[in-house]
Amino acid sequence: MAALGLRRGMQKLLDVSPTVARLSLRCGTGPTLAEVLQMPKKQMTKLLYPLQELEQRLVPDSRLDLHLKLFDPSPEDMESAEGVFAATARNRIEYLSSAVRLDHAPTLARPEVCFIGRSNVGKSSLIKALFSLAPDVEVRVSKKPGHTKKMNFFKVGKYFTLVDMPGYGYRAPEDFVDMVETYLKERRNLKRTFLLVDSVVGITKTDHIAIEMCEEFALPYVMVLTKIDKSSKGHLLKQVLEIQKFVNTQTQGCFPQLFPVSVVTYSGIHLLKCFIANITKN
Ligand SMILES: Nc1nc2c(ncn2[C@@H]2O[C@H](COP(=O)(O)OP(=O)(O)OP(=O)(O)O)[C@@H](O)[C@H]2O)c(=O)[nH]1
Ligand SMILES: [Mg+2]
C-alpha cells in the first residue's frame, strides 16, 4: 500500500467508536514466579503457559495450527528473566520521560520495545503488570479510553527501554499519526513492537490498519491478546484460533506465536517477561 493510503488509514485510527470497559479492575501485583511454582500443576500451567492450557481443549488436527513451542522457556528460564524486571539498587527501573514527537524522545543506544494497540486495550495495565517488581514505577491506567496521550519511556536497568504508547481509535490524541507513525518508521533502536489485541473483541478494523502499518514498515512485531480473564474458555479458544489463522496466513512480520495475557489473573505475564528479556539480550 502506498504511503498516502496508509496515512489515510492511519487517520481512521483516530475516529472509531469506543469499546467501553465494563469493569474497572484493580491491576494487582500478581504472584511472583516462586509463588506460582508452589501452586498445583494445573494452576501453574494456566498461569505460565496459557496457550498450552487452551491447546488441551482442541482436537488433535487443529492443535497443529497453534504455535506453542517456538518460544517455550522452562520455569527456570522464566526465573532468570524475572531478575531483569525486578528493581534493585543495581537494576534501576524507572520512568525516563514523555514525548509527543520523535525528536523529543530520549536518545538511547539500548534496545527498545514498544506497546501499541487500540485505546483501552490494556497497554498501560500490561506494562504495570510487567513492572510489578518495581513498585516505585508509576504507570497510569484508566477505564476511560484515550488516557495515555504521550509516548512514555521507561528504563529497565541496563537492558532495554520500554515505551507505552497512546492508543489508536476512540479518543486518540490529535497528533497520534505524526507521533506514532514517525516513531515506528524511524526509531532506530526499536527492537520489537508488541501489538495488543483485545481477546474478547478480536482483531478490529483499526487493528487491521495498525497491522498493515507494521507490515508496510517491515517491523518485527508480536501479537499479545489481552484481558483473557474476561471470556469463557470456549469464546477465548474461538478467538485464539481465528487470530492464529490470520497470523499464519496474512502476515509476514508477525511472530507466529501468540501471547495471551491477563493482568487480573496474571496469566501469561511471566512468559511475556521472559520473551522480552530474551529478545533484548545483547
Ligand atoms: N478484566 C481485565 N481488564 C483489564 C485487563 N487489562 C486492562 N484492563 C482494564 O482495561 C481498561 C483500560 O486499561 P489501560 O491499561 O488503561 O488501557 P490502555 O490500552 O493503556 O488505554 P489508553 O491509554 O487509553 O490507550 C482498565 O479499566 C483496565 O483495568 C485485563 O487483563 N483484564
Ligand atoms: Mg494507556
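Values below: all heavy atoms of this structure, side chains included; hydrogens, waters and symmetry mates excluded. Every number for a ligand or one of its atoms is a count from 1 in the order of the listing.
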Are more than 12 heavy atoms, taken from residues, nucleotides or ligands other than Lys191, located less than 6.0 Å from that residue's NZ atom? no
Quick check: Ser124 and ligand 1, any N/O pair under 3.5 Å apart? yes
Could you tell me, atom by atom, which parts of ligand 1 come under 4.0 Å of a heavy atom of Pro145? 24 (O)
Could you go step by step and tell me if Phe71 and His67 meet the ring-ring contact (aromatic ring centres under 6.0 Å, His included) rule? CA-CA 9 Å; Phe71 182 70; His67 298 276; over 10 Å; no
Please confirm whether the backbone N or O of Phe275 pairs with a side-chain atom of Asn278, one donor and one acceptor, at under 3.5 Å? no
So, 4.0 Å and heavy atoms of Thr226: is ligand 1 close enough to count as a contact? no
Indicate whether any N or O donor in one side chain lies under 3.5 Å from an N or O acceptor in the other, for Ser124 and Thr148. yes
Using the ring centroid of each side chain, check whether Phe154 and Phe131 are separated by less than 6.0 Å. yes
Taking both backbone and side-chain atoms of Thr148, is any N or O found less than 3.5 Å from an N or O belonging to ligand 1? yes
Closer than 4.0 Å to some heavy atom of Gly167 - which atoms of ligand 1 meet that? 25 (O)
Within 4.0 Å of some non-hydrogen atom of Asp229, the atoms of ligand 1 are 1 (N), 2 (C), 30 (C), 31 (O), 32 (N)
Would you say that Leu236 contacts Pro260 through its side chain, given a criterion of any heavy-atom pair below 4.5 Å between the two side chains? no
How about Phe246 and His208: are their ring centroids closer than 6.0 Å? yes
I want to know if ligand 1 touches Lys227 in the polar sense, i.e. an N/O pair below 3.5 angstrom. yes
Give the atoms of ligand 1, by number and element, whose distance to some non-hydrogen atom of Val264 is under 4.0 Å. 1 (N), 2 (C), 32 (N)
Any salt bridge (charged side-chain N to carboxylate O under 4.0 Å, His left out) involving residues 243-266? Give me the pairs, sequence neighbours left out, ordered by first then second residue. none
Evaluation steps, side-chain contact (heavy atoms from CB on, under 4.5 Å), between Val113 and Thr193: CA-CA 6 Å; Val113 295; Thr193 298; over 6 Å; no
Report yes if Asp164 has an N/O atom closer than 3.5 Å to an N/O atom of ligand 1; otherwise report no. no
Mind checking whether Pro166 has an N or O less than 3.5 Å away from an N or O of ligand 1? no
Candidate with minimal heavy-atom separation from atom 12 (C) of ligand 1, of Ser262, Ser231, Gly122, Ser142: Ser142
Mind reading off the angle at the Mg ion (ligand 2) between the OG atom of Ser124 and the OG1 atom of Thr148, rounded to 10°? 90°
Would you say the side-chain atoms of Asn91 pair up with the backbone N or O of Ala86, donor to acceptor, closer than 3.5 Å? yes
Judged by modelled atom types alone, do Ser74 and Asp77 share a side-chain donor-acceptor pair under 3.5 Å? yes
Below 3.5 Å, N or O to N or O, backbone or side chain included: is there any such pair between Val263 and ligand 1? yes
If we set the cut-off at 4.0 Å for heavy atoms, which region of Leu196 has an atom near ligand 1: side chain, backbone, both, or neither? neither
Could you tell me whether some N/O pair between Lys230 and ligand 1 is separated by less than 3.5 angstrom? no
Is there a polar contact, in the sense of an N or O pair closer than 3.5 Å, between Val141 and ligand 1? no
Ligand-residue contact atoms, ligand 1 with Lys143, heavy atoms, under 4.0 Å: 26 (C), 27 (O)
